[in-house]
Amino acid sequence: MRNETQPRVGISTQSGVAVMTLARPQNLNALSRALTDELDANLLRLAADETVRVVVLQADGKHFCAGADIADMSTMTYDEATRTDFIGCSRELGRFPKPVIAAVHGMVLGGGCELAEMCDIVLAADDAVFAHPEVTLNAMPGAGGTQRLPRAVGRHLAMDMLLTGRRLSAEEARQAGLVSRIVSRDQLRSQALALAEEIAQRPLGLLTRMKQSVLRAHPGLDEGLAFEASSFQACFQEEPFLQAMQAFVKKQEARR
Ligand code: CAA
């Protein structure tokens, strides 16, 4: 078994591009608190690094990310969730000042889908599948799923996905506006890097001003994110959510 003290996020930097790789494939890159802390520490460092102009976020293993770490969450109390303002995902990615390209493949679920929603360009492998299965845990998203998803795909498809856990193929997600481009699985990393290198040729000041301007296309987002976070934390007081997490951990229930 892999040593969990090894880095859970790999970083390589060259030519103005930093590539961040989720590296917890044995747990399908589930977003444990340790992983999200590491992700956020790296993002803060890359934000301050003037040699970095563009970031690529990708993942090792069969799937991009199976969402928040349910085993990790299953031991959390309501008091702890509210005291730490827990959202089960990265805090820094959504406010990262430079362009971020998500390069996703396989399952892109829950908090993993929220990571993609936080990015600026989403490059999807043709095998990518997008969903918000929180509802199947009797929970709701906590890191922007109810805010950024409707802004990307519109309220009606977003509610269909959020209320049922419905999965979208890469092509359905592209047509809906959640995905920018689809590439073959074996070309995903090289295409993401090539796109990042193309963008990184532009001046950093221009790239950050462009991004800050586009982020202002969504007034009210911060207020919505705060409401969502406290609504998500309220789930930790509810028996159906606590039971569903235990069922997942104990592998007691077939889940979609
Ligand atoms: N948290 C913790 N561990 C997870 C995980 C998760 N979200 N998803 C998968 N794993 C673990 C499994 O427990 C399993 O561990 P073991 O090998 O130790 O048993 C390992 O990863 C492989 O998973 P599976 O055997 O289940 O792999 P699969 O190919 O049969 O199924 C899957 C893949 C459909 C993604 C399935 O793992 C699954 O449904 N995972 C949960 C997805 C989910 O509900 N995500 C939402 C979480 S909540 C959230 O993200 C946001 C929030 O704010 C609440």
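Remember, it's 1-based here, ligands and their atoms both numbered in the order they're listed.
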What are the atoms of ligand 1, with element, lying closer than 4.0 Å to any heavy atom of D69? 1 (N), 2 (C)
Under 4.0 Å between heavy atoms, the region of L137 that gets near ligand 1 turns out to be side chain
Test your reading of the structure: does L28 have an N or O sitting under 3.5 Å from an N or O of ligand 1? no
Using the side chain to side chain donor-acceptor pair (under 3.5 Å) rule, take E92 and N42 through it: C-alpha gap first, then chi angles, then the decisive distance, then the call. CA-CA 9 Å; E92 297 302 328; N42 278 303; over 6 Å; no
Under a heavy-atom criterion of less than 4.0 Å, does K251 contact ligand 1? yes
State whether the shortest distance between N or O atoms of P141 and N or O atoms of ligand 1 falls below 3.5 angstrom. no
Determine whether the side chain, the backbone, both or neither of A30 has a heavy atom under 4.0 Å from any heavy atom of ligand 1. side chain
Taking only heavy atoms of G110 into account, list the atoms of ligand 1 that are under 4.0 Å away from them. 50 (O)
Measure the distances from the heavy atoms of Q26 to every atom of ligand 1 and state whether one is below 4.0 angstrom. yes
May I ask you to check whether G111 has an N/O atom sitting below 3.5 Å from an N/O atom of ligand 1? yes
Going by distance only, is there an N or O of A66 that falls short of 3.5 Å from an N or O of ligand 1? yes
Just to be sure I'm reading this right: ignoring hydrogens, which of F248, F86, F232, F241 gets closest to atom 38 (C) of ligand 1? Compare them by their nearest heavy atoms. F248
Check contact between G88 and ligand 1, using heavy atoms of the residue and a distance below 4.0 angstrom. no
May I ask you to decide whether D72 forms a salt bridge with R33, counting only side-chain N to carboxylate O separations under 4.0 Å? yes
Side chain to side chain donor-acceptor pair (under 3.5 Å) for D126 and S184? Distances and angles first, verdict last. CA-CA 5 Å; D126 46 18; S184 66; 5.3 Å; no
Let me confirm one number: the CZ-CG distance from R216 to L221, rounded to the nearest 0.5 Å. 12.0 Å
Per-atom filter on ligand 1: closer than 4.0 angstrom to a heavy atom of L109 are 35 (C), 42 (C)
Looking at G67, which atoms of ligand 1 are within less than 4.0 Å of one of its heavy atoms? 50 (O)
Pairing of R174 and E171 as salt bridge, 4.0 angstrom limit: yes
Do you know the tightest heavy-atom contact between V135 and L162? CB-O, 3.4 Å
Assess the residue pair Q201 and E197 against the criterion (side chain to side chain donor-acceptor pair (under 3.5 Å)); give the C-alpha distance rounded to whole Å, side-chain angles, the decisive distance to 0.1 Å, and a yes or no. CA-CA 7 Å; Q201 288 172 17; E197 284 173 350; over 6 Å; no
Enumerate donor-acceptor pairs with a distance under 3.5 Å from any side-chain N or O in residues 13-21 to protein atoms, sequence neighbours excluded.
| residue | atom | partner | partner atom | Å |
| --- | --- | --- | --- | --- |
| T21 | OG1 | Q58 | NE2 | 3.1 |

Set out, in order, the CA-CA distance, both residues' side-chain angles and the distance that settles salt bridge (charged side-chain N to carboxylate O under 4.0 Å, His left out) for R8 and D40, then state yes or no. CA-CA 12 Å; R8 298 162 187 86; D40 283 350; over 6 Å; no
Atoms of ligand 1, numbered as shown, that sit under 4.0 Å from any heavy atom of G142: 53 (O)
Heavy-atom closest pair, residues L168 and R166: CD2-NE, 3.8 Å
